[in-house]
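Below, chain A is the first sequence line, B the second, and so on; all start at residue 1.
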Number of protein chains: 2
Amino acid sequence: MPKATFFNLPEEKRKLLFDLAVEEFADNDYESASISRIVAKAGIAKGSFYQYFADKLDLYQFLLDEGIRLKMEFLKAHPPPDSTMNLFAYLRWLFKVGLDYQIMHPKLAKVAQRALYGRSPIQPQLNARIRTESLAYLGGLVRQGIANGQLHADLDADAAAFVLHAVSKELGDYLMYRLGLDHEKDDLLEAVRRQNNEAQHIFDQIMTFLEFGMVNSKKGNAP
Amino acid sequence: MPKATFFNLPEEKRKLLFDLAVEEFADNDYESASISRIVAKAGIAKGSFYQYFADKLDLYQFLLDEGIRLKMEFLKAHPPPDSTMNLFAYLRWLFKVGLDYQIMHPKLAKVAQRALYGRSPIQPQLNARIRTESLAYLGGLVRQGIANGQLHADLDADAAAFVLHAVSKELGDYLMYRLGLDHEKDDLLEAVRRQNNEAQHIFDQIMTFLEFGMVNSKKGNAP
DNA sequence: CGGTCATATGACCGAGCGGTCACATTACAC
DNA sequence: GTGTAATGTGACCGCTCGGTCATATGACCG
């Protein structure tokens with residue numbers, strides 16, 4: 001946790017420091033991210049930084065914690081419109097809100113994504129925890145869908161959870177690629193608003209795939 | 001490209017250096033990987049390293065090139081058993097060989113994987129190229145499957161290619177997770193041989209999902 | 001043997017890093 | 001004002017990095 005000094009900072013300065021730190025850890029992995037660069041960009045002395053944070057790891061943990069906190073807030077702020085919706089509609093909502101978060105906080109999302117892929121000091125625990133929780137949650141949804149007959153009974157819940165997990169992990173990057181966007185250069189919010197129809201179409205096609213699979217049902221059928 | 005000196009090295013020494021370099025770049029991203037650590041582990045002088053490679057980037061490029069070359073070799077050495085097989089069988093083969101490569105060369109595969117995710121000096125070009133090529137190839141397969149009636153006509157080829165791409169990207173890590181393996185600690189070849197049935201089962205379930213999707217076809221049907 | 005050329009070496013360089021600390025500056029209580 | 005506590009500062013430390021280079025070693029040739 002940052003020291004009290006950090007939270008006593010005027011909001012403007014605190015936010016500047018936070019944003020610059022997020023950017024640094026979005027652009028570099030933990031080892032390569034540089035406190036010296038952050039303080040230089042922020043225009044503060046190196047010593048001042050260490051009045052706010054115990055060390056580099058303290059800052060990094062704080063960024064990840066904030067990322068999780070903001071995402072939770074975001075999910076709560078965008079609840080599913082209908083609690084009785086069917087599973088596919090719920091999955092659409094789940095993925096959509098995840099994408100929206102990535103659009104609202106692309107740099108912060110990148111820090112978290114990097115933490116999951118690259119080696120970071122807390123990687124083994126964090127990565128394992130997040131993957132396990134994500135797979136468990138999606139697996140639960142699938143099992144529920146099987147139980148109430150929306151999904152076919154022979155579906156392997158773990159396999160399905162994995163595919164959903166893989167898709168949700170890659171979806172954001174893929175959409176950016178398809179829309180020709182770069183979160184370094186583009187204003188995502190504006191760009192996505194402009195290309196919303198195209199994005200929605202791609203998204204729908206992917207969700208349709210997950211629902212019906214690839215096989216031509218006129219010849220084969222679910223096992 | 002390495003200098004001639006490197007290729008003149010006795011094979012044992014050359015292989016040791018190569019393996020240690022692969023390990024270093026598998027465990028660290030480009031910036032964090034250390035030439036000093038490699039030469040220390042190899043027991044050679046720093047100056048000697050620079051008789052073999054022009055600089056750090058030269059070594060890194062060589063590792064990636066070797067990774068691609070070895071994978072190509074591997075694919076050629078394990079061709080699909082039947083050139084007239086249907087698309088699903090072909091996809092199973094494609095993914096299976098990718099997994100086998102990852103088992104045979106886990107560290108080298110990790111270097112390449114890291115190059116695609118983290119920021120590396122050649123990342124923007126490489127990542128874009130490999131993703132584009134992978135998506136294009138899978139998209140072509142899907143279009144072909146649609147044309148010959150194996151896949152249903154309304155399937156969006158790009159969306160399908162994306163899901164296949166995402167799954168193939170995550171599949172290796174997921175299987176290791178499900179089997180409780182760690183390529184740092186375990187002898188993958190031996191472990192996978194021992195747990196082959198379990199691995200095969202998980203793999204089959206995932207492929208079945210891709211084929212038939214999730215929906216209960218007794219109620220809904222392909223669009 | 002001597003001569004030549006490829007290779008091996010490690011001290012060394014400048015730079016950047018995370019982190020520290022003695023000191024300067026501010027803010028506030030009285 | 002004066003005293004005190006909180007905050008800001010940047011020179012500095014020890015370390016590691018990628019990379020260089022003068023020099024040493026050894027292999028091959030006549």
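In this structure, B:Asn28 places its CG atom 10 Å from P of D:dC17, rounding to the nearest Å. Rounded to whole Å, atom P of C:dC17 lies 11 Å from atom OH of A:Tyr50. To the nearest angstrom, P of D:dT7 lies 14 Å from CZ of A:Phe53. Rounded to an integer number of Å, the gap from CD of B:Gln51 to P of D:dT20 is 12 Å. For A:Glu24 and C:dC17, the CD to C1' distance is 12 Å, given to the nearest whole Å. Here the C1' atom of nucleotide C:dG18 and the CD1 atom of A:Ile35 are 8 Å apart, to the nearest Å. Across the protein-nucleic acid pair, A:Ile44 atom CD1 and D:dG8 atom C1' stand 9 Å apart, rounded to whole Å. In this structure, the CZ atom of A:Phe7 is 13 Å from the P atom of D:dT7, given to the nearest Å.
With respect to B:Glu184 and B:Lys110, no salt bridge is recorded, no charged nitrogen being found less than 4.0 Å from a carboxylate O.
An OP1 or OP2 oxygen of C:dT7 is reached within less than 4.0 angstrom by no side-chain nitrogen or oxygen of B:Ser48. Between B:Arg37 and D:dT16, a side-chain N or O to OP1/OP2 separation shorter than 4.0 Å is absent. Between B:Lys3 and C:dA8, a side-chain N or O to OP1/OP2 separation shorter than 4.0 Å is absent. Applying the 4.0 Å criterion to OP1 and OP2 of C:dA6, one finds that B:Asn8 has every side-chain N and O outside that range. The phosphate of C:dA8 has OP1 or OP2 within less than 4.0 Å of a side-chain N or O from B:Lys13.
Closest contact between the side chain of B:Tyr52 and the listed nucleotides C:dA8, D:dG19, C:dC17 involves C:dA8. The listed nucleotides are D:dT7, D:dC17, C:dC17; the one nearest the side chain of A:Thr5 is D:dT7. Of the candidate nucleotides C:dT20, D:dT20, C:dA8, D:dT20 has the atom lying nearest to any side-chain atom of B:Lys46.
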Apply side chain to side chain contact (heavy atoms under 4.5 Å, CB included) to A:Arg194 and A:Glu190, showing your working.
CA-CA 6 Å; A:Arg194 201 174 51 237; A:Glu190 207 278 322; 2.5 Å; yes
Step by step, work out the salt bridge (Lys or Arg N to Asp or Glu O under 4.0 Å) result for B:Glu66 and B:Arg69.
CA-CA 5 Å; B:Glu66 278 297 289; B:Arg69 197 181 61 77; 2.9 Å; yes
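Under a 3.5 Å cut-off, the side chain of A:Ser32 and the backbone N or O of B:Glu31 do not form any donor-acceptor pair.
Screening A:Leu171, A:Asn197, A:Leu175 for a side-chain contact (heavy atoms from CB on, under 4.5 Å) involving A:Ile202 leaves a single residue, A:Leu175.
Nearest-nucleotide positions on DNA chain C place B:Phe49 closer to the 5' end than the other of B:Phe49 and A:Ser36.
D:dG30 is paired with C:dC1 under the Watson-Crick or G-U wobble criterion, all donor-acceptor distances under 3.5 Å.
Among the protein residues, A:Ala54 comes within range of no part of the nucleic acid, since none of its heavy atoms lies under 4.0 Å from any strand.
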